[in-house]
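One structure is given here, and the rest of the page talks about it.
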Number of protein chains: 2
Amino acid sequence: MPTARDVANRAGVSQSTVSRVLNNHPHVRPETRKRVLDAIAELDYHPNQAARSLVTQRTGSIGLVVGDIRNPFFAETAKGIVDTSRSYGYRVVLCTTDNQDTLQSEAIKLLRSQEVDGLIFGSVRMDDAEVLALIESGFPCVLYNRVLKTDAGSYVVLDNRKGARMATEHLLKLGHRRIAVLTGSRQFSTFAHRLEGYSEVLREYGIPVDRHLILDHQAYAADRIGTLRRLLGQRRPPTAIFALTDDYALQVLDTLAELDVPVPEGMAVVGFDDIRIAGHSRIGLTTVAQRKDLMGRLAVESLMELITARAEGRTPQPIRLVLEPQLIVRRTCGAQR
Amino acid sequence: MPTARDVANRAGVSQSTVSRVLNNHPHVRPETRKRVLDAIAELDYHPNQAARSLVTQRTGSIGLVVGDIRNPFFAETAKGIVDTSRSYGYRVVLCTTDNQDTLQSEAIKLLRSQEVDGLIFGSVRMDDAEVLALIESGFPCVLYNRVLKTDAGSYVVLDNRKGARMATEHLLKLGHRRIAVLTGSRQFSTFAHRLEGYSEVLREYGIPVDRHLILDHQAYAADRIGTLRRLLGQRRPPTAIFALTDDYALQVLDTLAELDVPVPEGMAVVGFDDIRIAGHSRIGLTTVAQRKDLMGRLAVESLMELITARAEGRTPQPIRLVLEPQLIVRRTCGAQR
DNA sequence: CTGAAAGCGCTTACAG
DNA sequence: CTGAAAGCGCTTACAG
């Protein structure tokens with residue numbers, strides 16, 4: 001592999017000048033610049049990034065930490081994150097954690113060992129002490145999708161409470177009074193906030209929140225048929241299920257089909273996220289849409305601001321962006337009957 | 001940030017000894033080791049990766065180059081690639097190209113500037129001169145999913161011809177004689193090989209390949225309704241459509257629904273890939289399954305072998321792995337009527 | 001406008 | 001078993 005020294009020798013200049021040309025410094029004679037550029041082309045020279053990082057103290061990479069990249073929500077936001085990073089000249093290291101703490105710790109090590117300039121977290125738990133400590137140490141990081149309980153740090157999230165309010169109110173207006181909800185762990189702010197929105201609206205309509213209508217996804221996943229059969233076998237069974245992610249909603253549609261419950265006639269179903277497949281004619285899922293591309297873009301732009309601030313020795317204010325949800329009415333809620 | 005020098009001072013040893021402990025060298029007195037380890041813990045020291053890379057000439061990262069991470073096939077293989085890489089202590093830099101050459105060139109620069117030790121390509125064109133040159137230069141890289149026309153380099157692919165044969169033969173055995181095929185660009189080996197399998201079987205059954213039954217996805221995408229309407233309006237319209245990816249098949253199901261053509265009664269549909277949603281009760285897509293997790297794992301293992309060989313100065317033989325397809329019969333083909 | 005020198009933070013022979 | 005020194009390949013003041 002050719003080095004800057006090889007280029008310098010070939011162009012008959014010093015290594016400093018090669019570096020100046022490479023970094024577009026002013027004060028290089030056009031003729032000198034051309035000689036260097038020619039030598040670079042002739043040798044097919046590419047500067048060694050490690051050497052560069054070592055002296056500049058920046059890597060040009062960021063880390064993206066998500067639970068599971070196969071989850072369409074994360075795949076769709078990842079697209080925006082990679083594209084926007086590239087526009088800033090940044091690379092993205094993909095870290096998947098399967099929601100395991102040890103794997104998240106590994107991702108955090110990337111920052112500590114200066115392999116990345118910043119970190120974007122998509123699947124943080126509300127009480128995550130490690131991420132909280134990282135933020136408080138002033139390391140550049142941005143949360144998206146989910147936030148910490150303390151509201152610490154910079155983040156880009158949907159107004160999840162509002163989104164859940166919209167979905168619940170939509171079902172109420174369609175006449176539903178017994179609305180079940182399928183939620184994930186309340187350790188995640190997404191579920192906690194969506195559940196709050198759901199409960200709020202019910203109360204505003206004078207409907208008590210019935211804990212028999214709150215299904216935990218973990219229990220459901222362990223026995224789908226049994227869980228839904230029990231739900232439907234209640235004295236006053238629900239007429240609608242609000243699944244707090246589209247992924248959950250797809251599973252519910254699956255189980256209802258197995259139980260021969262027609263949707264929406266026998267049961268209305270609403271999801272959350274508006275992943276691509278939700279709009280497919282065979283699915284037609286009514287759901288709450290998030291601007292996933294925008295969320296990814298804003299997360300990167302926020303992180304870039306934090307990284308720049310740190311490099312300039314500033315202590316930046318946290319950046320907190322809350323995006324607007326949008327209700328997408330399709331077939332599974334029954335509104336289009 | 002603390003450095004190895006800080007650790008050395010605190011432990012009362014030299015920097016060399018710190019390095020030895022860090023790299024698990026033998027010949028370090030247990031007591032000395034402990035002192036160093038304690039100092040590392042007290043200072044929360046993490047070795048600077050750039051400095052390490054500079055001297056070891058390895059980065060501990062690989063690049064994953066795919067067209068679009070939102071494509072479930074790539075998201076699902078990416079999972080296997082990230083997990084396996086981690087088991088080797090490697091990080092994954094995610095490069096998405098949108099099938100643009102300039103973006104693929106950028107990914108290749110990562111290798112030239114020694115930001116990654118190797119590259120895994122998921123979306124290579126058959127006639128890609130740049131990737132071919134890279135392989136011939138001996139840079140560690142592995143293709144998966146798609147290969148080059150010259151069959152150069154190391155790769156992990158499905159036996160696409162065989163997969164297409166299985167799907168086509170299945171339709172023939174169901175009595176279909178007019179089978180349309182929806183293909184992507186033949187510049188990609190996946191489509192070229194699947195198309196070959198399709199044509200082969202037809203010929204073996206004494207059925208001429210009718211070019212009016214070969215639909216290009218680009219034309220279809222531009223006017224879905226019109227394209228299918230024209231297909232169905234032929235004198236002898238097809239009774240089945242073989243979409244060469246599940247993504248295409250989902251689109252076909254969508255368009256057929258708009259045209260009020262019942263599946264499978266009015267039209268049988270078969271896909272390729274077996275992405276997760278294909279098995280959903282609302283979709284029930286008959287398709288050719290690929291072991292996407294396995295493919296990702298094997299791609300990384302192959303790349304690790306190439307990287308190791310190169311580091312040891314060996315010139316390794318290309319590694320060529322061809323995986324077996326599996327036909328998954330669901331509802332859209334009509335076999336389960 | 002250009003070059004010589006120092007230094008980023010590690011690892012690795014080479015001594016001892 | 002341990003340390004002093006060199007060097008990986010760049011960038012960046014500092015001179016001139």
Side-chain angles (χ1 to χ4, degrees), chain A residues 1-37 39-40 43-61 89 109-117 311-312, chain B residues 1-37 39-40 43-61 89 109-117 311-312:
Chain A
M1 285 287 211
T3 70
R5 178 177 302 270
D6 299 324
V7 175
N9 289 340
R10 185 169 193 112
V13 300
S14 74
Q15 226 187 93
S16 319
T17 299
V18 173
S19 177
R20 287 193 192 94
V21 171
L22 242 28
N23 295 291
N24 278 316
H25 279 239
H27 309 308
V28 178
R29 245 198 314 163
E31 193 203 301
T32 311
R33 177 182 303 276
K34 184 175 169 354
R35 283 223 309 284
V36 171
L37 255 17
I40 287 174
L43 294 170
D44 192 24
Y45 165 73
H46 294 266
N48 180 306
Q49 181 58 37
R52 230 172 194 179
S53 295
L54 188 56
V55 43
T56 60
Q57 301 280 45
R58 68 179 280 288
T59 65
S61 294
K109 270 190 202 137
L110 292 184
L111 202 48
R112 290 241 148 84
S113 59
Q114 295 167 71
E115 266 194 271
V116 297
D117 298 335
E312 294 173 354
Chain B
M1 284 287 210
T3 69
R5 178 178 302 272
D6 299 324
V7 174
N9 289 341
R10 184 168 194 113
V13 299
S14 74
Q15 228 187 92
S16 320
T17 299
V18 174
S19 177
R20 287 192 192 96
V21 171
L22 242 29
N23 296 291
N24 280 315
H25 278 241
H27 309 309
V28 178
R29 244 199 313 164
E31 194 203 303
T32 310
R33 177 181 302 275
K34 182 173 171 357
R35 282 223 310 284
V36 172
L37 254 17
I40 287 174
L43 294 170
D44 193 23
Y45 166 73
H46 295 266
N48 180 306
Q49 181 59 37
R52 230 171 194 180
S53 295
L54 188 55
V55 43
T56 59
Q57 300 281 47
R58 69 178 280 286
T59 66
S61 293
K109 270 189 201 136
L110 292 183
L111 201 49
R112 290 240 147 84
S113 59
Q114 295 166 68
E115 267 194 89
V116 297
D117 298 336
E312 294 173 354

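In the text below, chain A, chain B and the rest are named by the order of the sequence lines, each starting its count at 1.
Residue Arg112(B) contributes atom CZ, which lies 17 Å from atom P of dG9(D) at whole-angstrom precision. The CD atom of Glu31(B) sits 9 Å away from the P atom of dT2(D) (whole-angstrom rounding). In this structure, Met1(B) places its CE atom 22 Å from P of dG7(C), rounding to the nearest Å. Taking atom CD of Gln49(B) as the reference point, atom P of dC8(C) lies 19 Å away to the nearest angstrom. Rounded to whole Å, the distance from NE2 on His27(A) to C1' on dC1(C) is 8 Å. The distance between atom CD of Gln114(A) and atom P of dC10(C), rounded to the nearest whole Å, is 8 Å. To the nearest angstrom, P of dC10(C) lies 12 Å from NE2 of His46(B). For Asn48(B) and dC8(C), the CG to P distance is 12 Å, given to the nearest whole Å.
Asn24(B) pairs by the side-chain hydrogen bond (donor to acceptor under 3.5 Å, both in side chains) definition with nothing, not counting sequence neighbours. For Arg20(B), the salt bridge (Lys or Arg N to Asp or Glu O under 4.0 Å) test picks out no residue, with sequence neighbours left out. Here Ser113(A) pairs with Glu115(A), His46(B) under the side-chain contact (heavy atoms from CB on, under 4.5 Å) rule; sequence neighbours left out. Under the side-chain contact (heavy atoms from CB on, under 4.5 Å) criterion, Ser14(B) pairs with Ser16(B), Thr17(B), sequence neighbours left out. Listed by chain and residue number, Arg5(B), Asp6(B) satisfy the side-chain contact (heavy atoms from CB on, under 4.5 Å) test with Thr3(B) (two or more places apart in sequence, or in another chain). Remark: Lys109(A) engages no residue in a side-chain hydrogen bond (donor to acceptor under 3.5 Å, both in side chains) (not counting sequence neighbours). For Arg52(B), there are no salt bridge (Lys or Arg N to Asp or Glu O under 4.0 Å) partners, not counting sequence neighbours.
A residue-by-residue look at Gln57(B) and Arg29(B) shows that Arg29(B) has its nearest nucleotide of DNA chain D further toward the 5' end.
Minimum heavy-atom separation, Asn48(A) to Gln114(B): ND2-OE1, 3.4 Å.
Remark: Ser14(A) is not in phosphate contact with dA4(C), judged by side-chain N or O atoms under 4.0 Å from OP1 or OP2.
Residue-level contact check: Thr32(A) touches the backbone only, with heavy atoms under 4.0 Å from sugar-phosphate atoms and none from bases.
Using a 4.5 Å heavy-atom threshold, the side chains of Leu22(A) and Ile40(A) count as touching.
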Subject >> Watson-Crick and G-U pairing of DNA chain C, under 3.5 Å, as dot-bracket with | and [ ] >> reply: |||.||||||||.|||

**OP:** Do nucleotides 11-16 of chain D as a string where each nucleotide becomes B, S or -: B if the base has a protein heavy atom under 4.0 Å, S if just the sugar-phosphate does, - if no protein is that close.
**Re:** BBB---

